[in-house]
Amino acid sequence: VAGAAGAGPTPPPPPPPSRQDPRLLARVVELAFAGRCVGEIDRQLHLEGFLTSTGTPWPRSNDGRVVVRALLRAGVAPLPGGDARVARYVKELQEKGYGRAARGG
């Protein structure tokens with residue numbers, strides 16, 4: 001989509017606000033800054049008894065999408081940890097406007 005008067009493509013709109021508990025979001029960022037990859041963060045959230053946005057226990061096994069979204073929203077580059085799905089999620093979400101200025105975690 002072209003922008004006004006040759007300004008180039010219009011960036012995607014900002015992502016919607018998160019439905020996750022702010023404590024969970026803070027823990028995700030903390031774990032990322034400690035060098036944990038997305039899969040490790042998901043497992044740790046389960047071990048620590050966090051709940052999903054719907055109030056159910058954080059699953060033992062997860063695809064990483066929620067963690068990737070949370071990190072990109074916080075401007076932190078997710079570490080895929082060799083998981084091709086996570087790398088694909090990062091790319092897809094960045095194309096949707098998440099994490100425009102992601103910094104290393």
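In this chain, numbering begins with 1 at the start of the sequence shown.
Between R43 and R60, the closest side-chain pair of non-hydrogen atoms is not below 4.5 Å. A heavy-atom distance below 4.5 Å is found between the side chains of W58 and D42. Proximity of R27 to L24: side-chain heavy atoms (C-beta onward) are nowhere separated by under 4.5 Å. The shortest side-chain heavy-atom distance between Y98 and V90 does not fall under the 4.5 Å cut-off. Side-chain atoms of L93 and R69, non-hydrogen and from C-beta on, do get closer than 4.5 Å to each other. For the pair V38/D83, no side-chain contact is recorded, criterion being any heavy-atom separation below 4.5 Å from C-beta on. Looking at P78 and V67, their side chains never come closer than 4.5 Å, going by heavy atoms from C-beta outward.
Scanning for side-chain contact (heavy atoms from CB on, under 4.5 Å) contacts around L25 gives S18, Q20, A70, with sequence neighbours left out.
L71 CG to L31 CG: the interatomic distance, rounded to the nearest 0.5 Å, is 9.0 Å. In this structure, NZ on K96 lies 12.5 Å from NZ on K91, to the nearest 0.5 angstrom. Atoms CD and CD, from E92 and Q94 in turn, are 11.0 Å apart once rounded to the nearest 0.5 Å. Note that the CG atom of L45 and the OG1 atom of T52 stand 11.5 Å from one another [nearest 0.5 Å].
One N or O on the side chain of E40 and one on the backbone of C37 form a donor-acceptor pair closer than 3.5 Å.
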| request: Test salt bridge (Lys or Arg N to Asp or Glu O under 4.0 Å) on R36 and E30 and set out the steps. | output: CA-CA 9 Å; R36 301 281 191 91; E30 178 183 25; over 6 Å; no

